[in-house]
Amino acid sequence: MRRYGPDPNSKDPGDSKVTDVDFGKQALGKWCDMQATNEQLDRLGVSDMKYVSGTGEYTISFTLPDNFGKNDGAFIAYSYGRDQVGALIVNGTELPANNASDRVDVGKLLTVGQNTLTIRLNSTLYGRTYFKHSGYLDKGAIFGMGEGVLDTPVPGTYHNGLLGVSIIPYVATTMEAPDAIEDVPATDSLSTSSSAAIYNLQGQRLSTPQRGVNIVGKTKIIVK
């Protein structure tokens with residue numbers, strides 16, 4: 001977890017200090033439910049995980065079998081709290097962040113054997129605003145509103161964290177269209193069976209020939 005907080009060596013509240021804290025293996029869930037040690041809380045500069053704002057990075061490795069083929073793929077589906085997805089990284093390739101959907105097709109990035117998935121969540125500063133001590137006390141200034149200024153306490157419905165991740169496999173198949181147009185010779189002749197199917201050059205079926213190029217049966221005709 002990467003915390004962006006005030007720099008204790010600066011009097012300017014706009015200056016921030018980046019602190020990385022490794023929580024090791026954790027079950028997915030809300031940040032406020034994580035079992036943090038006093039040392040970890042001190043490094044994050046808060047007294048409780050519910051006040052943490054920053055970036056959470058989750059990484060897991062999984063193995064695909066030897067019969068994973070070129071037509072096999074998978075979606076990564078995930079759910080999270082009030083964060084925003086900052087990045088989804090599969091085997092070192094970072095995909096564009098997409099918060100409009102809860103699943104991403106990663107089929108082309110997967111491989112036989114071990115694969116690594118990283119999901120990065122970026123939180124807002126909402127929780128941090130409730131923590132009354134922000135790191136400037138020794139500089140003669142206090143920043144941070146404290147609980148009771150907005151809602152009391154930090155709303156229970158507001159939480160950060162990666163709540164769940166699923167891998168949804170699929171097999172890509174090629175479907176043959178029964179009315180597909182193949183090997184059509186060019187001609188200016190209109191002599192063709194009246195019962196033949198009629199298409200335009202976009203492959204759309206027509207009830208009658210239209211002005212321009214039409215494909216009737218397997219013959220290309222031009223209607224002026």
Side-chain angles (χ1 to χ4, degrees), residues 1-60 75-90 93-106 116-139 141-166:
M1 181 172 291
R2 172 164 289 184
R3 168 257 194 182
Y4 294 86
D7 185 351
N9 297 317
S10 174
K11 291 184 178 181
D12 185 351
D15 292 338
S16 62
K17 179 181 179 181
V18 178
T19 304
D20 290 324
V21 178
D22 187 354
F23 282 87
K25 293 184 178 181
Q26 293 276 342
L28 297 182
K30 304 175 184 178
W31 289 1
C32 58
D33 293 336
M34 292 175 63
Q35 299 300 310
T37 65
N38 290 333
E39 180 182 358
Q40 289 170 328
L41 291 173
D42 288 342
R43 285 182 56 79
L44 291 170
V46 296
S47 61
D48 193 289
M49 287 297 295
K50 67 183 178 181
Y51 297 121
V52 174
S53 293
T55 298
E57 192 166 281
Y58 303 77
T59 299
I60 190 172
F75 292 98
I76 300 295
Y78 45 82
S79 60
Y80 51 94
R82 298 294 182 92
D83 324 77
Q84 293 288 300
V85 177
L88 190 141
I89 305 168
V90 181
T93 299
E94 182 170 333
L95 301 176
N98 180 11
N99 290 279
S101 175
D102 60 357
R103 64 176 58 191
V104 177
D105 187 348
V106 298
T116 301
L117 167 67
T118 297
I119 296 177
R120 184 182 303 139
L121 296 182
N122 300 325
S123 79
T124 68
L125 290 174
Y126 183 84
R128 182 71 188 191
T129 60
Y130 284 91
F131 189 55
K132 61 183 178 180
H133 302 308
S134 59
Y136 296 94
L137 296 178
D138 59 340
K139 301 295 182 180
I142 299 176
F143 298 94
M145 297 179 292
E147 292 189 14
V149 176
L150 296 178
D151 300 310
T152 307
V154 180
T157 57
Y158 186 95
H159 58 268
N160 299 309
L162 187 62
L163 307 180
V165 177
S166 300

Side chain to side chain, [X] and [Y], heavy atoms closer than 4.5 Å:
| X | Y | answer |
| --- | --- | --- |
| I119 | V165 | yes |
| M49 | L44 | yes |
| V90 | V104 | no |
| D102 | Y80 | no |

Would you please name every residue forming a side chain to side chain donor-acceptor pair (under 3.5 Å) with [X], sequence neighbours left out?
| X | value |
| --- | --- |
| T59 | T118 |
| R43 | none |
| Q26 | none |
| Y58 | W31 |

Once you round to the nearest 0.5 Å, how far does [atom1] of [X] lie from [atom2] of [Y]?
| X | Y | atom1 | atom2 | value |
| --- | --- | --- | --- | --- |
| D48 | M34 | CG | CE | 12.0 Å |
| R2 | S53 | CZ | OG | 15.5 Å |
| R120 | I89 | CZ | CD1 | 4.5 Å |
| T55 | D20 | OG1 | CG | 9.5 Å |

Report task. Let me see the working for L117 and V106 under side chain to side chain contact (heavy atoms under 4.5 Å, CB included), right down to the final yes or no. Result -> CA-CA 10 Å; L117 167 67; V106 298; 6.0 Å; no
**Report entry** Minimal non-hydrogen separation, L162 against L121, with atom names
**Finding:**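 Of all heavy-atom pairs spanning L162 and L121, the closest is N-CD1, 3.5 Å.
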Requested in this report: Would you kindly say whether D83 and S123 are connected by a side-chain donor-acceptor distance under 3.5 Å?
Outcome: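 The answer is no; no qualifying pair exists.
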Query raised in the report: Quick one: side chain to side chain contact (heavy atoms under 4.5 Å, CB included) partners of R82, sequence neighbours excluded?
Result: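 Here the qualifying residues are T157, Y158, N160.
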Query - T37: side chain to side chain contact (heavy atoms under 4.5 Å, CB included) partners, not counting sequence neighbours - result: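 Applying side chain to side chain contact (heavy atoms under 4.5 Å, CB included) to T37 gives E39, Q40.
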Query raised in the report: Should we say atom CD1 of I60 is surrounded by more than 12 heavy atoms from elsewhere, each under 6.0 Å from it?
Result: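 Not more than 12 within 6.0 Å, no.
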Report task. Could you tell me whether the side chain of N99 and the main chain of V85 form a donor-acceptor pair under 3.5 Å? Result ->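 The answer is yes, because a donor-acceptor pair under 3.5 Å joins these two groups.
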